[in-house]
Amino acid sequence: MTGRWTTVDQLVTKLRKRWDSGRYLRDYAVNREWSPIALAVVAPNARDLVDHFDAVAAWLERFHRQSRTSAGRDRFRIEYRTVQSRTLGVGGNAVPARIWIDTFEQLCALLATPADVVALDAILELTDERVAALLPWVCEHPLMALNHRHVWREVLDTVEWIIENESPHLYLRHIDVVGVDTKFVEQHRDLLNDLLLRLLPAERVDLSFARTDFAGRFGFRRKPDFARFRLLSPMVEFPTAVTELSVRVDELALLDPPVGTVFVVENEASYLAFPAVDDSIVLFGSGFALATLSKVTWLGGKRIIYWGDIDTWGFVILNRLRERFGPVPSMLMDHATLLAHRTQWVEEPRPTNQPLPHLTAEETALYRDLIEDRFGTRVRLEQERVRFSLLRQALERVW
């Protein structure tokens, strides 16, 4: 029976959920006038008093005991109602109808949160002193500020440093604040993002970068993308001992090697074993890293040939290359190659199904067969599983 009647623990839990929403601290931070809180209590009724008198007495005793501190002070105010019962005699029986939290201090004592209030006061004071423009943010997000109470000074120092130091040549490593390093910035990236969005002018924020790309969004130099390529024939522009290079993509964009053909492959083993071909280089695309090649504008003046896995994402990459560079032939990405390697098929982990308007009719048919599982469930032929003799034959056909 007692499971139907409200306990003090349940009332405290309900108040804790409200506290954890931040509503009470937001009101406190902006000095909003306090409104007493009332919570209804489900208490025994007249029938309960008659049929379960001992259980009712035990519930009442426990409710009253838990409504007071160990020092005998009330934790909240109780409003009673009278339950009439002719069986129990005249005068009725008083049971709790609702509880009232009359002051903010009483709520804090009940939830054991006075330390949070003291910490929030310190955060508000420090923010007002150092970066007053962030006071509205703290008032709107007091719990997030409290979650960073132990590093709030360092956070404000970092925000101030970024505001005062604008340069396209700076990495995050250049931030010069006591107690702050790149790991600190990464750890508190979401908070710093919110604060800087409040403070920086629009021209210093590039929202085309995701929140996870803090450097790109706030004007720092990003970790460079690298590209690997092999010379498939000697070039006078490079020492004879050099056959492979790994360079920044932005630097690769300035090289423009004197070749007519660029092979792009996804698989490292295939890239390293790629045969010699006159007037050519081979680029290691490494899957979606191919997106970085869009910065290498001189590729548009070369004959690009793409060789990728025969799976749905392989055709997505081929479609993206054609979007950027025009008619890019594919190699060994056809029905014949797929069906010649049945014993090497594996399962594609997460196949896709999206429109690919830049595929040829034959490629579209194979792409559709893969989506519809015509040859089996999530069929995939990885590039490195294709027999090397077929690569040599394909090179003879395209060369």
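Sequence positions, counted from 1, serve as the residue numbers for this chain.
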*asked:* For a salt bridge (charged side-chain N to carboxylate O under 4.0 Å, His left out) check, start with the C-alpha distance between Arg211 and Asp194, then their side-chain angles and the critical distance, and finish with the verdict.
replied: CA-CA 9 Å; Arg211 288 175 63 93; Asp194 289 346; 3.1 Å; yes
*Any chance you could lay out the side-chain contact (heavy atoms from CB on, under 4.5 Å) test for Leu111 and Val12, step after step, and finish with the verdict?*
CA-CA 7 Å; Leu111 299 180; Val12 172; 3.9 Å; yes
*Stepwise, does the side-chain contact (heavy atoms from CB on, under 4.5 Å) test hold for Leu252 with Leu283?*
CA-CA 11 Å; Leu252 176 63; Leu283 271 169; 4.3 Å; yes
*Could you check Tyr24 against Phe104 for ring-ring contact (aromatic ring centres under 6.0 Å, His included), going step by step and ending with a plain yes or no?*
CA-CA 8 Å; Tyr24 298 125; Phe104 179 72; 7.7 Å; no
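When the salt bridge (charged side-chain N to carboxylate O under 4.0 Å, His left out) test is applied to Glu244, the partners found at least two apart in sequence or on another chain are Arg228. For Tyr367, there are no ring-ring contact (aromatic ring centres under 6.0 Å, His included) partners two or more places apart in sequence or in a different chain. Arg204 pairs by the side-chain contact (heavy atoms from CB on, under 4.5 Å) definition with Ile162, Glu166, Leu200, Pro201, not counting sequence neighbours. Among residues two or more places apart in sequence or in another chain, the ring-ring contact (aromatic ring centres under 6.0 Å, His included) test is passed with Trp137 by His141. With sequence neighbours left out, Glu79 forms a salt bridge (charged side-chain N to carboxylate O under 4.0 Å, His left out) with Arg98.
Here the side chains of Thr337 and Met333 are not in contact, with every heavy-atom distance at 4.5 Å or above. The closest side-chain heavy-atom distance from Leu120 to Val138 is below 4.5 Å. When side chains are defined from C-beta on, Leu293 does not count as touching Arg324, because their heavy atoms never get closer than 4.5 Å. Proximity of Glu362 to Leu366: side-chain heavy atoms (C-beta onward) are nowhere separated by under 4.5 Å. Looking only at side-chain heavy atoms (C-beta outward), Trp5 and Val95 stay at 4.5 Å or farther from each other. Glu382 places none of its side-chain heavy atoms less than 4.5 Å from the side chain of Asn267. Ile317 has its side chain out of reach of Arg320: every pair of non-hydrogen atoms, C-beta onward, lies at least 4.5 Å apart. Residues Ile304 and Phe263 form no side-chain contact, since every pair of their non-hydrogen atoms from C-beta on lies 4.5 Å or further apart.
Here the CG-CG distance, from Leu135 to Asp128, works out to 4.5 Å after rounding to the nearest 0.5 Å. A distance of 9.0 Å separates CZ of Arg397 from CG of Leu395, quoted to the nearest 0.5 Å. Put simply, CG on Leu192 and CZ on Arg217 are 12.5 Å apart, with the number rounded to the nearest 0.5 Å. Atom-to-atom distance recorded for Arg322:CZ and Thr360:OG1 is 6.0 Å, nearest 0.5 angstrom. To the nearest 0.5 angstrom, Ser21 atom OG is 7.5 Å from Leu143 atom CG. Atom CG of Leu318 sits about 10.5 Å away from atom CD of Glu323, to the nearest 0.5 Å.
The environment of Arg153 atom CZ is sparse: at most 12 non-hydrogen atoms of other residues, nucleotides or ligands sit within 6.0 angstrom. No more than 12 heavy atoms of other residues, nucleotides or ligands lie within 6.0 Å of CD in Glu125, so this atom counts as exposed by the packing criterion. Remark: Arg303 CZ is packed, more than 12 non-hydrogen atoms of other residues, nucleotides or ligands lying under 6.0 Å away. When the shell of 6.0 Å around CZ of Arg47 is examined, it contains 12 or fewer heavy atoms from other residues, nucleotides or ligands. More than 12 heavy atoms of other residues, nucleotides or ligands lie within 6.0 Å of CZ in Arg65, so this atom counts as buried by the packing criterion. Other residues, nucleotides and ligands place no more than 12 heavy atoms under 6.0 Å from the CZ atom of Arg173.
Looking only at distances, a side-chain donor or acceptor of Arg230 sits under 3.5 Å from a matching main-chain atom of Phe274. Of the possible donor and acceptor atoms, none in the side chain of His52 sits under 3.5 Å from a partner among the backbone N and O of Asp48. The backbone N or O of Thr6 lies less than 3.5 Å from a partner atom in the side chain of Trp59, making a donor-acceptor pair. Although no hydrogens or angles enter the test, the distance criterion places a donor-acceptor pair under 3.5 Å between the side chain of Ser233 and the main chain of Asp279. Using a distance-only test at 3.5 Å, with no hydrogens or angles considered, no donor-acceptor pair links the side chain of Thr127 to the main chain of Leu134. The backbone N or O of Leu25 lies less than 3.5 Å from no partner atom in the side chain of Trp19, so there is not a single donor-acceptor pair.
Taking the charged nitrogens against the carboxylate oxygens, Lys295 and Asp225 do have a contact shorter than 4.0 Å, which makes a salt bridge. A salt bridge does not link Lys183 with Glu186: none of the charged nitrogens is closer than 4.0 Å to a carboxylate oxygen. Looking at Asp373 and Arg378, no side-chain N of the basic residue comes within less than 4.0 Å of a carboxylate O on the acidic one, giving no salt bridge. Under 4.0 Å is where a charged nitrogen must lie from a carboxylate oxygen, and between Glu347 and Arg380 no such pair does. Using a 4.0 Å cut-off between charged side-chain N and carboxylate O, Arg189 and Asp213 make no salt bridge.
Side-chain atoms of Ser270 and Gln383 form a donor-acceptor pair, as typed in the model, at a separation below 3.5 Å. Donor-acceptor pairing under 3.5 Å is lacking for the side chains of Tyr80 and Asn93. A side-chain N or O of Ser208 and one of Asp206 form a donor-acceptor pair less than 3.5 Å apart.
Between Phe63 and Phe76, the ring planes lie perpendicular to each other; the angle is over 60°, past the 30° to 60° tilted range. Taking the six-membered ring for Trp and thresholds of 30 and 60 degrees, Phe375 and His335 have ring planes more than 60 degrees apart, a perpendicular arrangement. Classification of the His174-Tyr171 ring pair by plane angle, with boundaries at 30° and 60°, yields parallel.
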Can you give each donor-acceptor pair under 3.5 Å made by side-chain atoms of residues 30-40, sequence neighbours left out, with the distance rounded to 0.1 Å?
from, atom 1, to, atom 2, distance (Å)
Arg32, NH1, Asp27, OD1, 2.3
Trp34, NE1, Asp102, O, 2.9

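A distance of 6.0 Å or more separates the ring centres of Phe284 and Phe229.
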